[in-house]
Amino acid sequence: MNARAERLSLSGRVAVVTGAAGGIGQATARLMAARGASLVLADLRAPDETLAAIRAAGGRAEALTLDCATEAGAEAIISAAITHFGRIDILHANAGISGPLNPDLTVGAADFAEILRINLIGPWLAIRAALAHLGAGGSIICTASVAGLRAGAGGIPYSASKAGVASLVQNVSCALAGQGIRVNAVAPGLIETGMTAPLYADARARGREDRIGQLNPLRRGGEAEEIAELVAFLASDAASYINGQVIAADGGLSASLPVATRPAGGNPRA
Ligand SMILES: NC(=O)c1ccc[n+]([C@@H]2O[C@H](COP(=O)([O-])OP(=O)(O)OC[C@H]3O[C@@H](n4cnc5c(N)ncnc54)[C@H](O)[C@@H]3O)[C@@H](O)[C@H]2O)c1
């Protein structure tokens with residue numbers, strides 16, 4: 001193994017991934033398993049497909065079907081790592097729901113609270129449970145969103161929940177000062193997963209697939225595997241000095257103010 005591969009290796013590590021039944025969680029779990037980690041897969045719906053794929057590729061994984069955003073659920077997923085593999089080194093707190101995608105100025109308390117419970121309190125409960133077992137070298141990665149960085153990329157409760165996740169990783173990373181545990185978040189842009197399936201289906205049905213992702217400078221939507229690469233990197237020793245950060249993987253969407261652009265070489269002021 002060359003030096004770079006060695007730094008990216010997760011051999012001997014134990015990782016817990018929430019929301020592992022599909023989408024970004026599935027891609028992350030599969031990549032981390034391919035890099036040598038043993039996995040605990042947790043999701044509200046059975047993560048059988050992910051489990052089968054990892055085992056078929058020769059990896060080690062166990063699966064739990066439960067609500068990760070309860071105190072009991074969060075304790076159970078971390079306990080599973082200890083029971084099955086004897087330790088935990090990596091937590092990817094990724095499970096989430098979007099709620100309505102459009103800004104709804106009438107959303108009520110119960111709907112708002114449920115999105116906060118799953119997207120923000122869920123990661124906190126998983127972090128809290130994991131901290132009882134994580135040691136120096138441990139890595140926590142939450143899935144935030146570009147919707148938590150700026151307005152316009154999701155519903156109001158969803159966006160607020162993801163802004164909360166950004167604050168969560170900043171605060172927890174600082175509260176863990178001196179312990180050698182890193183806490184970061186990834187902020188994906190538009191990725192084709194179960195969560196965005198209706199949006200993609202709608203665009204395809206209207207023959208407007210070519211419009212997907214056109215707001216970002218790469219002019220395309222992203223793949224779950226592209227987010228998994230960032231998560232697996234943050235989990236590894238290759239990211240040993242990255243802590244307390246929210247890192248966007250969004251084709252450049254969050255880099256710009258909303259301006260009308262011209263083709264390369266054109267004068268945008270003309
Ligand atoms: N797809 C995108 O464009 C995009 C962009 C930014 C951020 N994200 C975030 O990425 C994360 C993963 O979403 P995805 O895009 O892969 O969508 P997805 O719907 O494919 O995956 C989300 C998973 O979370 C699970 N889940 C929901 N609530 C749960 C709970 N209480 N307990 C356990 N599991 C639960 C779902 O069953 C599902 O399998 C989410 O946090 C989402 O907000 C997605």
Side-chain angles (χ1 to χ4, degrees), residues 16-31 40-51 63-78 80 91-101 113-126 129 141-150 152-155 157-166 168-169 185-203 212-213 215-216 218 220-228 230-231 246-251 253-254:
V16 172
V17 179
T18 71
I24 292 168
Q26 180 179 75
T28 301
R30 291 183 66 169
L31 182 59
V40 171
L41 314 167
D43 201 299
L44 210 47
R45 56 196 175 99
D48 294 343
E49 191 182 288
T50 316
L51 183 69
L64 293 176
T65 305
L66 78 186
D67 185 340
C68 298
T70 65
E71 292 191 321
E75 293 290 341
I77 59 176
I78 304 304
L91 168 65
H92 183 199
N94 166 76
I97 59 171
S98 66
L101 292 178
E114 181 64 356
I115 293 176
L116 290 182
R117 181 182 79 81
I118 294 172
N119 291 2
L120 177 55
I121 299 175
W124 161 245
L125 294 176
I141 305 106
C142 295
T143 305
S145 171
V146 288
L149 305 178
R150 311 250 192 291
Y158 179 78
S159 303
S161 74
K162 295 300 186 177
V165 171
L168 186 66
V169 303
V186 296
L190 179 63
I191 311 297
E192 185 169 12
T193 65
M195 184 174 282
T196 55
L199 189 151
Y200 275 78
D202 182 58
I212 292 172
L215 291 175
N216 75 62
L218 289 184
R220 64 174 178 84
E223 305 289 336
E225 288 72 18
E226 294 179 289
I227 307 303
L230 177 56
V231 177
V246 182
I247 302 176
D250 63 354
L253 180 67
S254 60

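We count ligands from 1, going down the list as the structure has it; atoms in each ligand are counted the same way. Because the structure is predicted, anything quoted here is derived from the model rather than measured.
Ionic pairing of D67 and R117 is present here: one or more N-O contacts between side-chain nitrogen and carboxylate oxygen are shorter than 4.0 angstrom.
Between the side chain of T193 and the backbone N or O of I24, no donor-acceptor pair lies under 3.5 Å. When atom types are taken as modelled, the side chain of D202 and the backbone of L199 share no donor-acceptor pair closer than 3.5 angstrom. Under a 3.5 Å cut-off, the side chain of D250 and the backbone N or O of G189 do not form any donor-acceptor pair. One N or O on the side chain of R150 and one on the backbone of S254 form a donor-acceptor pair closer than 3.5 Å.
Of all protein heavy atoms, the one lying nearest to atom 13 (O) of ligand 1 is M195 CE, 4.0 Å. The protein atom (non-hydrogen) at minimum distance from atom 12 (C) of ligand 1 is N94 OD1, 3.4 Å. Closest to atom 8 (N) of ligand 1 among all protein heavy atoms lies Y158 OH, 3.5 Å. Protein heavy atom at the shortest distance from atom 32 (N) of ligand 1 is C68 N, 2.9 Å. Protein heavy atom in closest approach to atom 21 (O) of ligand 1: G22 O, 4.4 Å. Nearest non-hydrogen protein atom to atom 15 (O) of ligand 1 is T193 OG1, 2.6 Å. Annotation: atom 35 (C) of ligand 1 to nearest protein heavy atom, A95 CB, 3.6 Å. Ranking protein heavy atoms by distance to atom 3 (O) of ligand 1, first place goes to I191 N, 2.8 Å.
For ligand 1, the atoms closer than 4.0 angstrom to any heavy atom of T196 are 1 (N), 2 (C), 3 (O). Which parts of ligand 1 touch A144 is read off a 4.0 Å heavy-atom cut-off, strictly below it: atoms 7 (C). Every atom of ligand 1 with a heavy atom of T143 under 4.0 Å away is listed here by number and element: 9 (C), 10 (O), 11 (C). When each atom of ligand 1 is checked for a heavy atom of L190 under 4.0 Å away, the hits are 3 (O). Taking every heavy atom of G23 and a limit of under 4.0 angstrom, the matching atoms of ligand 1 come to 16 (O), 20 (O). Ligand-side atoms of ligand 1 in range of L66: 32 (N), 33 (C), range being under 4.0 angstrom from any heavy atom. Within ligand 1, counting atoms from 1 as listed, the ones closer than 4.0 Å to a heavy atom of I118 are 28 (N), 31 (N). Ligand-side atoms of ligand 1 in range of G189: 2 (C), 3 (O), 4 (C), 5 (C), 6 (C), range being under 4.0 angstrom from any heavy atom.
H92 and T18 share no donor-acceptor pair across their side chains, judged by distance under 3.5 Å alone.
Atom CD of E226 has more than 12 neighbouring heavy atoms from other residues, nucleotides or ligands inside a 6.0 Å radius.
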I97 and N119: CA distance, side-chain angles, deciding distance, side-chain contact (heavy atoms from CB on, under 4.5 Å) verdict: CA-CA 7 Å; I97 59 171; N119 291 2; 4.0 Å; yes
side-chain contact (heavy atoms from CB on, under 4.5 Å) between I191 and I227, intermediate numbers included: CA-CA 9 Å; I191 311 297; I227 307 303; 3.7 Å; yes
Verdict with supporting geometry, L253 and L215, side-chain contact (heavy atoms from CB on, under 4.5 Å): CA-CA 7 Å; L253 180 67; L215 291 175; 3.8 Å; yes
Verdict with supporting geometry, I141 and L91, side-chain contact (heavy atoms from CB on, under 4.5 Å): CA-CA 6 Å; I141 305 106; L91 168 65; over 6 Å; no
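Here the side chains of T70 and L125 are not in contact, with every heavy-atom distance at 4.5 Å or above. A 4.5 Å side-chain heavy-atom check between N94 and C142 finds every atom pair outside the cut-off.
If you check each of A93, G96, G194, A147 against atom 27 (C) of ligand 1, the one with the closest non-hydrogen atom is G96. When I77, I24, D67, L44 are ranked by how near their heavy atoms come to atom 44 (C) of ligand 1, first place goes to I24. Comparing T28, D43, T70, V186 against atom 39 (O) of ligand 1, the shortest heavy-atom distance belongs to D43.
Under a 4.0 Å heavy-atom criterion, K162 is in contact with ligand 1. Within the structure, ligand 1 lacks A153 among the residues with a heavy atom less than 4.0 angstrom away.
Contacts with ligand 1 closer than 4.0 Å are made by no heavy atom of A20, backbone or side chain.
The shortest N/O to N/O separation between G25 and ligand 1 does not fall below 3.5 Å.
Summarising the geometry of I118 relative to P123, their closest heavy-atom pair is O-CD, 3.5 Å, with the distance given to 0.1 Å.
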